[in-house]
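Here is the structure we will look at, set down as structure tokens.
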Amino acid sequence: QVQLAESGGGLLQAGGSLRLSCAASGSIFSINAMGWYRPAPGKQRELVAAITSGGTTNSADPVKGRFTISRDNTKNTVYLQMNSLKPEDTAVYYCNADRSVVAVQRADFGSWGQGTQVAVSS
């Protein structure tokens, strides 16, 4: 079983930057992909950005060019660098991980952590 701990959220003004961290522990050998998510209309949560164990990344259209996902294998941690933040980025951000790359893309998980709150004021 994999345990994930999100951190790094905060309150800031539009245009600012923030870096979220997701530290993994436990059965990390089983992880093939990790992602960052946030709530979306009509969905429980939508994918913001994902990264595979091979380093392939993708991100949602609303954050392309502003958010970057990366990882530090020595720390078993995935990061979400958020630049040029907008008020509409305000949300609780969650990370999750799975053996299945498809599950990560679809946000198809049985459980979620508490997430980390990001609030952007105009």
Side-chain angles (χ1 to χ4, degrees):
Q1 195 169 4
V2 175
Q3 291 80 44
L4 301 168
E6 303 110 330
S7 62
L11 170 64
L12 69 167
Q13 291 189 326
S17 297
L18 207 58
R19 189 177 79 161
L20 306 183
S21 299
C22 177
S25 60
S27 302
I28 58 175
F29 59 87
S30 66
I31 297 174
N32 284 329
M34 294 182 70
W36 282 98
Y37 305 85
R38 65 188 183 188
K43 302 178 184 179
Q44 188 175 22
R45 292 174 186 89
E46 66 176 1
L47 177 69
V48 174
I51 186 166
T52 69
S53 57
T56 301
T57 63
N58 68 291
S59 58
D61 286 343
V63 307
K64 272 187 169 65
R66 301 188 297 122
F67 292 9
T68 302
I69 190 169
S70 64
R71 65 182 189 182
D72 184 338
N73 290 335
T74 65
K75 297 181 180 179
N76 297 323
T77 299
V78 170
Y79 303 99
L80 185 67
Q81 179 66 44
M82 311 165 72
N83 298 330
S84 302
L85 279 158
K86 304 175 181 180
E88 51 264 43
D89 295 319
T90 294
V92 176
Y93 284 74
Y94 302 85
C95 76
N96 221 322
D98 203 275
R99 181 187 304 272
S100 166
V101 172
V102 172
V104 168
Q105 293 294 315
R106 293 178 177 175
D108 184 12
F109 302 103
S111 63
W112 295 85
Q114 293 187 338
T116 185
Q117 174 74 55
V118 172
V120 184
S121 62
S122 56

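Every heavy atom of this structure was used, including side-chain atoms; hydrogens, water molecules and symmetry mates were not.
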Checklist entry - Any Lys/Arg nitrogen of Asp61 or Lys64 sitting under 4.0 Å from an Asp/Glu carboxylate oxygen of the other? => result yes

Checklist entry - Any idea which heavy atoms bring Ser100 and Ala103 closest together, and the distance? => result OG-N, 3.0 Å

Next on the checklist: Is it the case that the side chain of Arg38 and the backbone of Thr90 share a donor-acceptor pair, with hydrogens and angles ignored and the cut-off at 3.5 Å?
Outcome noted: no

Checklist entry - Given side chains that start at C-beta, do those of Ser30 and Val2 come closer than 4.5 Å, heavy atoms only? => result yes

Next on the checklist: Under the criterion ring pair (Phe, Tyr, Trp, His ring centres under 6.0 Å), I'd like the reasoning laid out for Phe67 against Trp36: C-alpha separation, chi angles, the key distance, then a yes or no.
Outcome noted: CA-CA 11 Å; Phe67 292 9; Trp36 282 98; over 10 Å; no

Next on the checklist: Using a 3.5 Å distance criterion without hydrogens, assess whether the side chain of Asp89 forms a donor-acceptor pair with backbone atoms of Pro62.
Outcome noted: no

Checklist entry - Do Leu18 and Tyr37 belong to the same hydrophobic cluster, where Ile, Leu, Val, Met, Phe, Trp and Tyr are linked whenever their side-chain heavy atoms lie under 4.5 Å apart, directly or via other members? => result no

Checklist entry - Should Leu12 and Val48 be regarded as members of a common hydrophobic cluster, given that ILVMFWY residues are connected when their side-chain heavy atoms come within less than 4.5 Å of each other, either directly or indirectly? => result yes

Checklist entry - Are any non-hydrogen side-chain atoms of Leu47 and Gln105 less than 4.5 angstrom apart? => result yes

Item to check | Linked, directly or transitively: Phe109 and Tyr93 (ILVMFWY side chains, under 4.5 Å) | outcome: no

Item to check | Heavy-atom check, side chain of Tyr94 versus side chain of Pro39, under 4.5 Å | outcome: yes

Checklist entry - Is the count of non-hydrogen atoms from other residues, nucleotides or ligands lying under 6.0 Å from Glu88 atom CD greater than 12? => result yes

Checklist entry - Can you name the closest pair of heavy atoms from Leu80 and Ala49 and give their distance? => result CD1-CB, 4.0 Å

Checklist entry - Short question: side chain of Thr52, backbone of Thr56 - any donor-acceptor pair under 3.5 Å? => result yes

Next on the checklist: Would the distance check show the side chain of Thr77 and the main-chain N or O of Ala23 forming a donor-acceptor pair, the cut-off being under 3.5 Å?
Outcome noted: no

Next on the checklist: Would the distance check show the side chain of Glu6 and the main-chain N or O of Cys95 forming a donor-acceptor pair, the cut-off being under 3.5 Å?
Outcome noted: yes

